[in-house]
**Q** 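Please read through the structure below; I'll follow up with questions.
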Amino acid sequence: MPPVEVFAPANIALAKYWGKRNRALNLPTNSSLSISLGSLGTTTRIAEAEKDTLLFNGKPLDNAAPEAQKIWRFVALCCPHRQQSITITTSNSIPTAAGLASSASGFAALTLALNEFFNLQLSDNALSTLARQGSGSACRSLWHGFVEWQKGEREDGSDSYATPIASHWQALRIALIEIETQAKKTSSRDGMNHTATTSPLFAAWVAQAEKDVHSIKRSIAAEDFMALGQTAEANAMMMHATMLAARPPLSYFLPESLATLQRIWHCREQGLAIFATMDAGPNVKILYQVQDEAAVIAAFPHAHCINPFSRCS
Ligand code: PMV
């Protein structure tokens, strides 16, 4: 079998996934909607080998390591009748496990690579459903641009997959403010399970998150940046507030995260149209429009600016 190489972008949710209704299948309590990060993501190569081997960011990963076992379990899920041993080589252009969604692009790239290498000929829905089982948000990383993940209703998860939203919003930009790149202490899996089981705000979060998906879809259709930014920022803050109300409380914020948020809010009061979002980590992402790029860089000199539609044809 000839070797294959695929790329999947990282994604940032504008309306977040936080809470599972089924932990084994990664079925969410609410729908979510993301924007992919253009050329930031994971490149994965699969080739024939004498024995199963993993190379992760240039380094061999012991098959007994928990991360490796997760990957081989996922390979077995995608290819239950596999006989050929393989080498999986994967490299990230984003820091791993720092709340910049590298597990999403990692499992999405692996799903695409397995489909291609073993000629599985899976439909987009089937690919997304599989990627979801590696990491929930991975089901959205199969596409560039805006992607919606419908939570679905069925118990087997067969209607819980993502689909791309037709939009090429050329002016939209994202700036990454890297505050810490080390692996987080609480995984998103543990964090969301703890929030869902102990936070008295959780039911309100689920109801609002579903409304936010609809509101963001309307903003995308109208290319209404202010409406998009306001909803995305409020959604992220509500997710973190719901975690903070968990017992004991859970917070991914570092002091520098809060200082960055306050700088964003101050800039906005001064008339700069920028909005924040944050995932399960201390890093902050800024949503802005291309015409404000110079002002964003002036206010946040270390910002890493991304055109999310750079790889869309
Ligand atoms: O897919 P997971 O298990 O890495 O969880 C992702 C959780 C958030 O990034 C905080 C939200 C999201 O929708 O991506």
Side-chain angles (χ1 to χ4, degrees), residues 6-37 41-42 44 66-67 69-80 88 90 92 94 96-97 99-116 118 120-165 187-193 195-196 205-206 209-210 212-213 216-217 239 279-280:
V6 303
F7 171 81
N11 76 77
I12 302 285
L14 301 174
K16 315 278 186 195
Y17 148 56
W18 197 255
K20 299 179 201 281
R21 68 172 198 277
N22 178 318
R23 295 180 184 185
L25 294 173
N26 286 341
L27 296 178
T29 45
N30 60 274
S31 302
S32 57
L33 193 155
S34 61
I35 178 82
S36 290
L37 293 185
T42 304
T44 295
E67 310 93 285
Q69 296 209 340
K70 199 174 170 201
I71 291 171
W72 292 119
R73 270 199 307 274
F74 185 73
V75 172
L77 174 78
C78 296
C79 316
I88 302 175
T90 178
N92 283 326
I94 36 172
T96 300
L100 287 176
S102 58
S103 72
S105 55
F107 278 104
L110 183 55
T111 309
L112 292 171
L114 290 167
N115 184 49
E116 221 177 286
F118 290 107
L120 304 176
Q121 303 192 2
L122 297 170
S123 68
D124 284 356
N125 291 355
L127 289 169
S128 180
T129 303
L130 276 173
R132 186 199 75 225
Q133 291 172 72
S135 162
S137 55
C139 76
R140 301 186 309 238
S141 263
L142 298 175
W143 296 277
H144 287 285
F146 295 108
V147 180
E148 180 184 4
W149 173 12
Q150 284 284 352
K151 70 182 173 77
E153 303 293 340
R154 291 189 208 133
E155 291 206 352
D156 67 356
S158 56
D159 58 349
S160 184
Y161 50 78
T163 45
I165 295 176
S187 68
S188 48
R189 166 173 294 272
D190 290 347
M192 62 179 89
N193 291 342
T195 311
W205 154 254
V206 170
E210 209 58 46
D212 288 345
V213 169
I216 290 179
K217 273 166 77 175
M239 179 184 79
D279 292 298

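By convention here, the first residue in the shown sequence is residue 1. None of these values were measured; they are calculated from a predicted model. The figures that follow rest on heavy atoms only: side chains count, while hydrogens, waters and symmetry mates do not.
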**Q** Between F107 and F74, how do the two ring planes meet: parallel, tilted or perpendicular, split at 30° and 60°?
**A** perpendicular
**Q** Main chain of W149, side chain of R132: is a donor-acceptor contact present, judged purely on distance under 3.5 Å?
**A** no
**Q** Can you tell me how far apart OG (S137) and CG (D279) are? Round to the nearest 0.5 Å.
**A** 8.5 Å
**Q** Distance only, no hydrogens: is a donor on one side chain within 3.5 Å (strictly under) of an acceptor on the other, for N125 and S123?
**A** no
**Q** Counting only N and O atoms by type, is there a donor-acceptor contact under 3.5 Å from the side chain of N30 to the main-chain atoms of E210?
**A** no
**Q** When you measure from the side chain of T195 to the backbone N and O of G191, does any donor-acceptor pair fall under 3.5 Å?
**A** yes
**Q** Heavy atoms only: give me the nearest S128-A162 pair and the separation to one decimal.
**A** OG-N, 2.9 Å
**Q** Minimum heavy-atom separation for N26 to G136, with atom names?
**A** ND2-N, 3.5 Å
**Q** Kindly say whether R21 contributes a backbone atom to a donor-acceptor pair with the side chain of T29 at under 3.5 angstrom?
**A** no
**Q** Apply side chain to side chain contact (heavy atoms under 4.5 Å, CB included) to N22 and E155, showing your working.
**A** CA-CA 8 Å; N22 178 318; E155 291 206 352; over 6 Å; no
**Q** Quick check: closest heavy atoms across Q121 and N115, and the distance to 0.1 Å?
**A** N-OD1, 3.1 Å
**Q** Check the pair I165 / L33 against side chain to side chain contact (heavy atoms under 4.5 Å, CB included), numbers first and verdict last.
**A** CA-CA 9 Å; I165 295 176; L33 193 155; 3.7 Å; yes
**Q** With a 4.5 Å limit on heavy-atom distance, are the side chains of L110 and T90 in contact?
**A** no
**Q** If we ignore angles and hydrogens, is there a donor and acceptor under 3.5 Å between the side chains of N11 and S36?
**A** no
**Q** Could you report the tightest heavy-atom contact between G157 and L27, atom names first, then the distance?
**A** CA-CD2, 3.4 Å
**Q** Find the distance between NZ (K70) and OG (S135) and round it off to the nearest 0.5 Å.
**A** 6.0 Å
**Q** Keeping the roles fixed (side chain from W205, backbone from W18), state whether a donor-acceptor pair exists under 3.5 Å.
**A** yes
**Q** Measuring from atom OG of S32 to atom NZ of K151, what distance do you get when rounded to the nearest 0.5 angstrom?
**A** 11.5 Å
**Q** Given side chain to side chain contact (heavy atoms under 4.5 Å, CB included), test V213 with K217 step by step and report yes or no.
**A** CA-CA 6 Å; V213 169; K217 273 166 77 175; 4.2 Å; yes
**Q** State the NZ-CG distance between K16 and L14, to the nearest 0.5 angstrom.
**A** 7.0 Å
**Q** Taking the side chain from T129 and the backbone from Y161, do they hold a donor-acceptor pair closer than 3.5 Å?
**A** no
**Q** Checking the side chain of S34 only, and the main-chain atoms of I12 only, is there a donor and an acceptor separated by less than 3.5 Å?
**A** no
**Q** Measure the spacing between CD of E153 and CG of D159 and express it to the nearest 0.5 Å.
**A** 6.5 Å
**Q** On a heavy-atom basis, which atom in A108 and which in A138 lie closest, and how many Å separate them?
**A** CB-O, 3.7 Å
**Q** Supply the atom-to-atom distance Q133 CD to S160 OG, rounded to the nearest 0.5 angstrom.
**A** 9.5 Å
**Q** Answer yes or no: is there a donor N or O on one side and an acceptor on the other, between the side chain of T44 and the main chain of A109, under 3.5 Å?
**A** no
**Q** Report yes or no: does T111 contribute a side-chain atom to a donor-acceptor pair with the main-chain N or O of L127 at less than 3.5 Å?
**A** no
**Q** Any side-chain heavy atom of L114 sitting closer than 4.5 Å to one from L130?
**A** no
**Q** Check L112 against A8 and note the closest heavy-atom contact, atom names and distance.
**A** CD1-CB, 4.5 Å
